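Right, one structure below, let's go through it.
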Amino acid sequence: MRQMLTFAVVGVVNTATYYCLYLLFLSAFPYLAAHVLAFTLSMTGSFFLNARFTYRTRPTWRKFLLFPLTNLSNFLITTAGVYLIVDVLHAGSRFAPLLASAAAVPVTFLVSRRVML
């Protein structure tokens, strides 16, 4: 239970970081490029926060190299969601990542736990 709660808190911090970076990059790049850049940078921060606080494990190169796999499903779900919201539903690019990321959280937790432990 502690891990799920900590994972959620780290997720909120990670989402805030991602979203701030996304808005920053959105002023200079198309929305998908902004999404990919922000996602990559926030995922790196997420690895270290989850290693330290969620799973209380030492970060290693092996875990660091495997960690992107934990976010592959998150990346695919959020990217498809952003595309769906922006290009199909024409709802705008500003809040699309926040809506799309909510669907990916449970899958990301399960895969992350497997890799980190």
Side-chain angles (χ1 to χ4, degrees):
M1 187 64 162
R2 181 200 64 78
Q3 283 182 346
M4 289 182 92
L5 181 62
T6 307
F7 185 81
V9 170
V10 169
V12 168
V13 170
N14 187 49
T15 301
T17 302
Y18 161 80
Y19 190 59
C20 289
L21 290 172
Y22 173 76
L23 292 177
L24 177 70
F25 295 144
L26 191 58
S27 64
F29 300 104
Y31 75 90
L32 280 178
H35 166 67
V36 171
L37 288 169
F39 190 92
T40 302
L41 291 172
S42 65
M43 183 176 56
T44 301
S46 178
F47 167 76
F48 288 105
L49 290 174
N50 276 305
R52 172 72 172 108
F53 298 109
T54 304
Y55 303 112
R56 296 181 183 188
T57 186
R58 189 173 65 85
T60 64
W61 279 108
R62 181 179 187 277
K63 290 176 188 174
F64 182 74
L65 294 174
L66 289 174
F67 192 74
L69 296 176
T70 69
N71 284 296
L72 181 60
S73 59
N74 184 304
F75 179 76
L76 294 174
I77 293 167
T78 57
T79 301
V82 167
Y83 173 78
L84 177 73
I85 292 166
V86 174
D87 283 341
V88 175
L89 301 176
H90 305 289
S93 60
R94 193 162 185 82
F95 296 106
L98 296 177
L99 297 171
S101 67
V105 172
V107 174
T108 304
F109 173 75
L110 293 174
V111 178
S112 173
R113 182 177 162 87
R114 175 91 175 164
V115 166
M116 297 298 277
L117 298 178

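What you see is a predicted model; the values in this text were computed from it and never measured.
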Residues forming a side chain to side chain donor-acceptor pair (under 3.5 Å) with Ser73, sequence neighbours excluded: none

Backbone of Leu76 reached by a side-chain donor or acceptor of Thr79 within 3.5 Å: no

From OG (Ser46) to CZ (Phe7), nearest 0.5 Å: 6.5 Å

Phe95: side chain to side chain contact (heavy atoms under 4.5 Å, CB included) partners, not counting sequence neighbours: Tyr19, Leu98

Ser93 versus Tyr22, closest heavy-atom pair with distance: O-OH, 2.8 Å

Heavy-atom check, side chain of Phe67 versus side chain of Thr44, under 4.5 Å: no

Straight-line distance of Met116 CE to Thr60 OG1, nearest 0.5 Å: 8.0 Å

Co-membership, hydrophobic cluster, residues Leu23 and Leu37, 4.5 Å side-chain: no

Thr78 side, atom OG1; Phe39 side, atom CZ - distance, nearest 0.5 Å: 5.0 Å

Check: His35 ring centroid to Tyr18 ring centroid under 6.0 Å: yes

Distance (rounded to the nearest 0.5 Å) between Asn14 CG and Leu41 CG: 10.5 Å

Same apolar cluster (I L V M F W Y, side chains within < 4.5 Å links), Leu110/Phe75: yes

Nearest heavy-atom neighbours spanning Phe29 and Ala34: CB-N, 4.1 Å

side-chain contact (heavy atoms from CB on, under 4.5 Å) assessment of Lys63 paired with Thr57: CA-CA 10 Å; Lys63 290 176 188 174; Thr57 186; 2.5 Å; yes

Ala100 versus Val82, closest heavy-atom pair with distance: CB-N, 3.7 Å

Sub-4.5 Å side-chain heavy-atom contact between Tyr55 and Val115: no

ILVMFWY network linking Phe47 to Trp61, side-chain heavy atoms under 4.5 angstrom: yes

Which atom of Val86 lies closest to which atom of Gly92, heavy atoms considered: CG2-O, 3.6 Å

Same apolar cluster (I L V M F W Y, side chains within < 4.5 Å links), Leu117/Phe53: no

Cluster check Val12, Leu49: I/L/V/M/F/W/Y, side chain < 4.5 angstrom: no

Where Ser112 and Thr70 come nearest, the two heavy atoms and their spacing: CA-CG2, 3.5 Å

Spacing of Thr54 atom OG1 and Arg2 atom CZ [to the nearest 0.5 Å]: 7.0 Å

Nearest-0.5 Å distance, CE of residue Met43 to CG of residue Asn50: 12.0 Å

